[in-house]
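What you see is a predicted model, and the numbers here were worked out from it, not measured in a lab. In what follows, every chain begins at residue 1, and chains take the letters A, B, ... in the order their sequences are listed.
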Amino acid sequence: MALNATDVLTDALNDKAALYDFYDRELRYVLLEQERIRKTSKRNFLIAAGTSIGLLLWGLITILPMANPEERWWTLIMGVAIGGVVVRFAYKYSSSYFRKAFKDNVVSRLVTFLDEGLRFSAHGCVPRSYFEDSRLFRNINHYQGEDLIHGEVSGFEFTFSEVHAQREKRDSKGRKTKQTIFRGMFFAVELPERVPTTTMIYPRRASQPRFSREVERIKLEDPIFERAFNVYAEDQVGARILLTTRFMEQVMALRGLCKQTPYLSFSRKHLYIAVPSRENLLEASLFQSVLNPVTIRRFISELDTVLGMVKELHLQNLHR
Amino acid sequence: MPVIIGFIIFFGYVLFMYNQLVGRRNQVGFAFGTVDALLKKRHDLIPSLVAVAEAHAKHERGLFERIAELRARVDETKQLEHRSDATRLNAELDLGQRLDNLLAVVESYPQLTADASFREVQHALVDNEAQIAAARRFYNAAVNDLNNSIDMFPTSVLASFMNLSPKPYFQASYRERQAPRVKQYGRP
């Protein structure tokens, strides 16, 4: 029987017994294997990082007495910087297998347990066509993402993933550089009907693209909403059919939930939600035991936040 | 020279204010036109609703009275086409309330609500009411911008030369002020 995601999430977060029961029944054996992989990966990392830092220290001790006094500081700074890069590389390399295995074996189980209708793919991502269809961000040259979740919340089919979109720029010397346009969580929610007009809702403080003459700024009557967002659409009435006073309140509630001002867009048959975030969700740490229930609670809490964002908008009342 | 520059700046500012006032006046006209088109659509839909409801209301005195009231009100409202905006908007508000009353009463007539043609008209009317509500908000936003310009200095001086007067707001119907009815998006 498909469990209701919200009920289970609430149970799991509030009822310790339910969480431990799920932990015992579904995860214990998988986690024991993951813990073994984690320990091996951690040991590999410590060996690699320790060896690298040891070699670096040996090099510094050898070079520093020979360097000019004025160059010593620079040599030291360079040494620390190289050490940082090496440790970071060693962590990424040593933990990649563990992190992948954890997502494939634990996070996917967790997602399916929360709702049999939900599907998780660690390397999947919301299609780029959706991201472009939202019309929130333009001139995208590089697009990538991870942690795709697909399923249904409150009767609406949705697709979620973390997304990193960049554009290429040339600096004054003609060199190509990448500029981040958006990094964070991106949702595409399928609506049962085509929306009357494409409507884009931007955080007031975010940079906003130049629109064609047909796109107008929609001034809405809710002063709190107006202070937080700028709305643009081609049709003043169509935008207001979507942005009822109640929906505006729910967008404000969503803003409170994600602690960031989200971007939203209605386009064709979709509602798109983009929440900027620097945090990398659903990532296990090499330095925290996966057998610790706190780790699982953190993952459940992150999933709860993701699903809660769609739920918070109460889309069943949209248009009324 | 400074006098000429001062004059050019002053003239430019007056021109800017004038264009702004004309733009706002036209925006109100456009918004009112949108509301008007939707209200006319409502006038066309109500007789269809009345026709279907009447067939079921022959033996229901309460329902019959409300239908008769609504029909009379539609006729009266249609005759106000050349009256002032405020008079028309008040009449439409009253018509909207009577329509809400009828829609609320028919909920207790399962035979009527099960009728496919009634549901079709009802769905069209409910959609149209949502559009009227959105158009009303657009109109009120445009009126608010215009009225502010008319009341505030220095645009108020130019507005008086242009014979612009504040426009009436289109108030929300009683139903719109109530808690929204639960109706599934896209599902009649």
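- For a residue to count as touching a neighbouring chain, one of its non-hydrogen atoms must lie under 4.5 Å from one of that chain's; by this rule Asp145(B) touches chain A with the side chain only.
- Residue contact with chain B, scored on non-hydrogen atoms closer than 4.5 Å, involves the side chain of Leu220(A) exclusively.
- Surrounding CZ of Phe30(B) are at most 12 heavy atoms belonging to other residues, nucleotides or ligands under 6.0 Å away.
- Ala134(B) approaches Val237(A) most closely through the heavy-atom pair CB-O, 3.4 Å.
- Nearest approach of Arg137(B) to Arg240(A), heavy atoms of both residues: NH1-O, 2.9 Å.
- Remark: Tyr18(B) OH is loosely packed, at most 12 non-hydrogen atoms of other residues, nucleotides or ligands lying under 6.0 Å away.
- Dense packing is recorded around CZ of Arg138(A), with more than 12 heavy atoms of other residues, nucleotides or ligands lying under 6.0 Å away.
- In the displayed structure, Ile224(A) atom CD1 is contacted under 6.0 Å by at most 12 heavy atoms of other residues, nucleotides or ligands.
- Summarising the local packing, CD of Glu190(A) is surrounded by more than 12 heavy atoms from other residues, nucleotides or ligands at distances under 6.0 Å.
- The CG atom of Asp127(B) sits 7.0 Å away from atom CD of Glu193(A), with the distance rounded to the nearest 0.5 Å.
- Heavy atoms closer than 4.5 Å to chain A are found in both the backbone and the side chain of Ala135(B).
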